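Only one structure is covered here, and it is reproduced in the block below.
Numbered from 1 within each chain, the chains take letters A, B, ... in sequence-line order. Since the model is a prediction, treat every value here as computed from it, not as a measurement.
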Amino acid sequence: MRGSIRPGASSRRARTFTLVTGLSMVSVLAAGCLGGGGEESAGDPDRNADATEFTLTITSNAIKGGKNSEGATWIEDYVIPEFERIQAEKGVTANVEFAPVGVDDADYKSSLGLDLETGKGADIIDIDGIWVGEFAESGFIAPLDDVVGVEAVSAWDGWGQIQESVQQNASYNGERYGVPTGTDGRVIFYNKDVFEAAGLPTDWQPTSWQEILEAAETIKAESPDVIPLQLNAGTAMGEATTMQGFLPLLAGAGAEIHADDKWQGDTEAVRQVLEVYETVYGTGLGDPTLQQEAKGRDRSFQLFAEGEVGMLLESDYFWRSVVNPDQGVAPMENRDEVVGYAKIPAVTPGAGVGGQDFVSMSGGSARVINPNTEYPQQAWELLQFMNSAEATKEQVAGSPRITHRDDVNAEVLSGDPMLTFIAEEVVPLTLFRPGRLEYVDVSIAVQEATYAVVEGATAAEAAQQYQAALEDVVDAGAIATG
Amino acid sequence: MPVPSRRDDAPATAVTGHADPGEAAFSAGAPRAVDSVGLGRARALLFVAPALLLIGVFLLFPALWTLYIGATNFERTGPNHVNPQVTWFDNYVDVLTDPSFYNSLWLTLLFVLFSAVIGQNGLGFWLAWSTRRLHRRVRRVVESLVLLAWILPSSVVAFLWIAMLDQRGGTLDALLGNPGTAWLVEYPMVAIIVFNTWRGTAFSMMLYSAALSSVPPSQLETARLAGATGGQTLRDVVFPHIRGHVLTNTLLITLWTFNDFGPFLITGGGPGDDTEIAAVYLYNTAIRDGDLGYSGAISLLILVANVVLALAYLRMLRRRDSS
């Protein structure tokens, strides 16, 4: 600094000049760079259609021996070798790679967004159905018709096997962005050993919230070391809090998070749901610490598998991928005997959404084609193969689930009582999340409200906090209160 | 995204701001200055051009870019991603009225004060001082152990700390015979402060070891003969010799710690926002929530905080020089 005590006037001017020029150059550059994302059209659908050698990459939030292990195994051990073999028979050299990921969904989504925005990423990408609208609005993905061409898309015979409601999981504003990969449903899972030890019936179906809480009280009294009821809450669990905790309860209180163009604000239904949270975490029916830990959700799975948790609200994912004795992340040897499942009741019979006695929430994911792919036709061929009846059957051979294909469902449904239960009892009464952009922000507000309760706030305080957070993200006119 | 590298940029900006090579070039070419090397303005500029280019590309441009993004409502996804609007100072107004921002500043202050200024400094000095007369081999062992904490990859270290502080079967609970304490949930700030002290002490220890060797043994001997206590010796003999080192060390570790992202690997900023220090707050806003414009404004404010800190230290250093 010493040398600059008396800078020459000319040098000062020169520096100011440089700075101003630099700044304006940056602004000009920036104005051209920011935004626009992947706005440009998907490009020629027929590019490289005749290539005799091509490379494609598939990605999914799945990894062998970890998250969604069975999905990763299916892609690596069945899809890739089979597809390469079929292509080889046609005299085409196909190199298909799988890029496994095994992280929290939010992190997976972040990295996908960065990939797609910069024109990179895998050719076939597995995304949550709820992200389709957001990604489409951001220009990260494009309608299938644009990416691979209208004719090629409509020529696929698979569409006839996928129900309209399931196709919504991969569509936005009436356009298909990919192929859905099935659906799911949320139920209450309970550990029959824990129930038996507490003197509760092992064949159990509560018909009101009160019955759930009473069962939890009984477990707490009889087996003090067991966490009676772990209800997803807080921000660390991300979307799981909203989807597996708040929304099913809200449906049970008779409200949808978004209906008649209004979001649920500080309403009676929301307060009722938060009161359940307050009861569960305020009176020791659930462990608040688990909801605050960074890896609390995985931990709660582990504890359930060890017989340390009585009840959990989860999707059938829990059955297929978590406590699955073969490929689960928290395998239970005796899953079929020990893990019970029951429909989620309304607060009182008939008080649920649409006057229902029982409620659930469903989601599903979709496989989309990266608009930046070098080989759109080949990617579409691969995507069709992955969604063929044959491949789909292979996918669910090890652990049945509700697929997107009616023909496959008809065959595999009968094999698994849990799956049958979801398909027959749960899916007919389920709700889907609103496919709206603001949902992501509303969901965060929900997570923060439940976190406040876990930390000790009352339901009323949390509801007010939620209302305030909601006003930040949606128009005041679009919030229902009272 | 400049976000993850911000912790490296900031101190560098602060430092290079004072060793500006451009300045040398300009004064070299100024009419009345002595061009002792005989390069002339053009060639001098040519010489510093590579350095200037690097600084421009890696420091100046990202900083200005952040400034620009901070003046827009740019987001990771959605309509504001496709068509961002320039909102000028809206983000700054929002940030400055956002309790989360002050929460993160306060937590950062605690984090820096306890883990760096007091923790690393104190422990580093204590280690250097107390091992200086030990057998060479013993000292090597101690130094190696402390250094190990510094050189292990962050992800490995984070995993070990999570395992150690875990509520169920954690090492610490087992050692204390006190199962069931979820250290990372009940004492999250203490946990990351202790963690960072452990993690970063090696640097201070090495620096002080070197600094202590500059204290003339004769003076220490004299102090001992005069009957000075340990504290008196430190205050009156040792400290005057190493004051410059103390300030430099404190400056460096303060800036590093201020922008440290390591705790994220352990607590993710949680529970809630209990450990959401500045760097984590920035990451959560930009990457998790996708509010890039907003986070641009935050990062500029953090940069300003960094510069203020650096200037304060440099002023102290200069006052020492002139005294």
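Here the OG1 atom belonging to B:T77 is positioned 12.0 Å from the CG atom belonging to A:L116, to the nearest 0.5 angstrom.
With sequence neighbours excluded, the residues forming a side chain to side chain donor-acceptor pair (under 3.5 Å) with B:E75 are B:N80, listed by chain and number. With sequence neighbours excluded, no residue forms a side chain to side chain donor-acceptor pair (under 3.5 Å) with B:T171.
When heavy atoms are compared at a cutoff of 4.5 Å, A:D287 approaches chain B solely by way of its side chain, counted from C-beta outward. Residue B:T267 touches chain A through its backbone alone, counting heavy-atom pairs closer than 4.5 Å. Heavy-atom distances place the side chain of B:D166, and not its backbone, under 4.5 Å from chain A.
Side chains of A:E117 and B:H81: a donor-acceptor N/O pair is present below 3.5 angstrom, by distance only.
Counting heavy-atom pairs closer than 4.5 Å to chain B, the top-ranked of the candidates A:Q292, A:E137, A:E293 is A:Q292.
With a 4.5 Å cut-off on side-chain heavy atoms, A:S110 and B:R76 count as touching.
The environment of OH in B:Y92 is crowded: more than 12 heavy-atom neighbours from other residues, nucleotides or ligands sit within 6.0 Å.
Proximity to chain B at a heavy-atom threshold of 4.5 Å picks out A:R299, A:L303 from residues 297-305 of chain A, in numerical order.
For residues 434-449 of chain A, the salt bridge (charged side-chain N to carboxylate O under 4.0 Å, His left out) pairs, not counting sequence neighbours, are A:R436-A:E438.
Summarising the geometry of B:G272 relative to A:T235, their closest heavy-atom pair is CA-OG1, 4.3 Å, with the distance given to 0.1 Å.
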